[in-house]
Amino acid sequence: MSTRVDAKELRGLLDTAVALAKEVGPAFKDGFWRKGQFASATDFAAERKLGNAADCVTAVDCHIEKVLFSRLRSIYPHHKFVGKETTAEAGEVPITNDPAWIVDPVDGTNNFVHHHHFASISIGLAINKEPVVGVIYLPILDELYTGVRGQGEHGSSRDETVGSRMRSLTRLLLNKAHGGAGLESLRFADAVTANMTMVAKGVAEIQ
């Protein structure tokens with residue numbers, strides 16, 4: 001059975017996601033600058049994810065994801081929750097028609113570890129297996145981007161073109177067997193959400 005949510009409810013869900021992204025922003029900054037609770041190498045605890053040398057996870061990732069899910073569960077106890085770090089350990093989590101919060105606590109962890117500013121907190125909500133709310137917050141740059149299904153995107157100067165550009169990017173990257181171009185030579189900032197925000201505010205292009 002599908003879940004019905006009106007525009008006012010979606011706006012409330014977005015407000016919650018924005019507030020939580022801002023709440024964990026200070027912890028993100030502490031980790032980035034290696035201060036506060038993440039001042040020492042032991043506290044920061046960067047390590048390879050599932051043995052993959054090209055991917056890593058830090059104590060900051062785990063801390064932020066834990067805080068976000070704790071807050072979300074207290075507000076929406078009947079929703080489902082999918083976290084990049086917890087899912088990496090537990091395997092795939094099935095998405096149903098129920099509301100599901102999907103969180104990447106530090107998108108661009110390699111950037112984050114090496115003090116590259118293009119790293120973000122990403123919070124999304126899917127209902128009926130469709131994305132309906134999205135928040136991208138880059139704490140180091142203090143930039144916030146939001147989107148609500150049917151209500152447009154905010155935080156960029158190019159709201160009217162973001163959707164079409166993202167669809168173009170999807171087609172370019174999609175495997176040829178699935179109707180895409182299968183391109184492999186595009187340049188990225190090593191964080192998917194950061195790439196999206198750069199296109200959104202007009203400092204990068206999709207050719």
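Residue numbers run from 1 in the order of the sequence given.
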Counting C-beta onward and ignoring hydrogens, is there a side-chain heavy-atom pair between V67 and I64 closer than 4.5 Å? no
Closest heavy-atom pair, G25 versus P139, reported as atoms and distance to 0.1 Å, is O-CB, 4.2 Å
How long is the gap from OG1 on T193 to OH on Y145, to the nearest 0.5 Å? 10.5 Å
Could you give all pairs that pass the ring-ring contact (aromatic ring centres under 6.0 Å, His included) test and reach residues 119-138, with sequence neighbours left out? none
Between V106 and F32, is there a side-chain heavy-atom distance shorter than 4.5 Å? no
Residues P105 and E65: closest non-hydrogen pair is CD-OE1, 3.6 Å
Applying the side chain to side chain contact (heavy atoms under 4.5 Å, CB included) test to P99, which of N128, I127, V5 qualifies? I127
Distance check, rounded to the nearest 0.5 Å: L20 atom CG versus L72 atom CG? 5.0 Å
When rounded to the nearest 0.5 Å, the distance separating NZ of K29 from CG of D142 is 5.5 Å
Do you know which two heavy atoms are closest between K129 and I95, and how far apart they sit? CE-O, 3.4 Å
Parallel, tilted or perpendicular: rings of F118 and H116 (30°, 60°): tilted
Taken to the nearest 0.5 Å, the spacing of L141 CG from L144 CG works out to 12.0 Å
Shortest non-hydrogen contact from V57 to C62? CG2-SG, 4.0 Å
Sub-4.5 Å side-chain heavy-atom contact between V133 and R149: no
So H115 and W33, would you call those rings parallel, tilted or perpendicular, with 30° and 60° as cut-offs? parallel
List the atom of G108, the atom of A119, and the distance in Å for their closest heavy-atom pair. O-CB, 3.8 Å
Taking the side chain from H63 and the backbone from A59, do they hold a donor-acceptor pair closer than 3.5 Å? no
If we only count heavy atoms from C-beta on, is the I121 to L68 side-chain gap below 4.5 Å? yes
Nearest 0.5 Å, what's the OG-CD1 distance between S120 and I140? 11.0 Å
Under 3.5 Å, is there a donor-acceptor pair between the D61 and T109 side chains? yes
OG1/T146 to CD1/I123 distance, rounded to the nearest 0.5 angstrom? 12.0 Å
With S122 via side-chain hydrogen bond (donor to acceptor under 3.5 Å, both in side chains) - residues at least two apart: none
Restricting to non-hydrogen atoms, name the atom on Q37 and the atom on D30 that form the minimum distance, rounded to 0.1 Å. N-OD2, 4.3 Å
Looking only at the side chains, is there a donor atom on one of T16 and Y76 sitting less than 3.5 Å from an acceptor on the other? yes
List the steps, then state whether side chain to side chain contact (heavy atoms under 4.5 Å, CB included) holds for V103 with F81. CA-CA 8 Å; V103 168; F81 305 91; over 6 Å; no
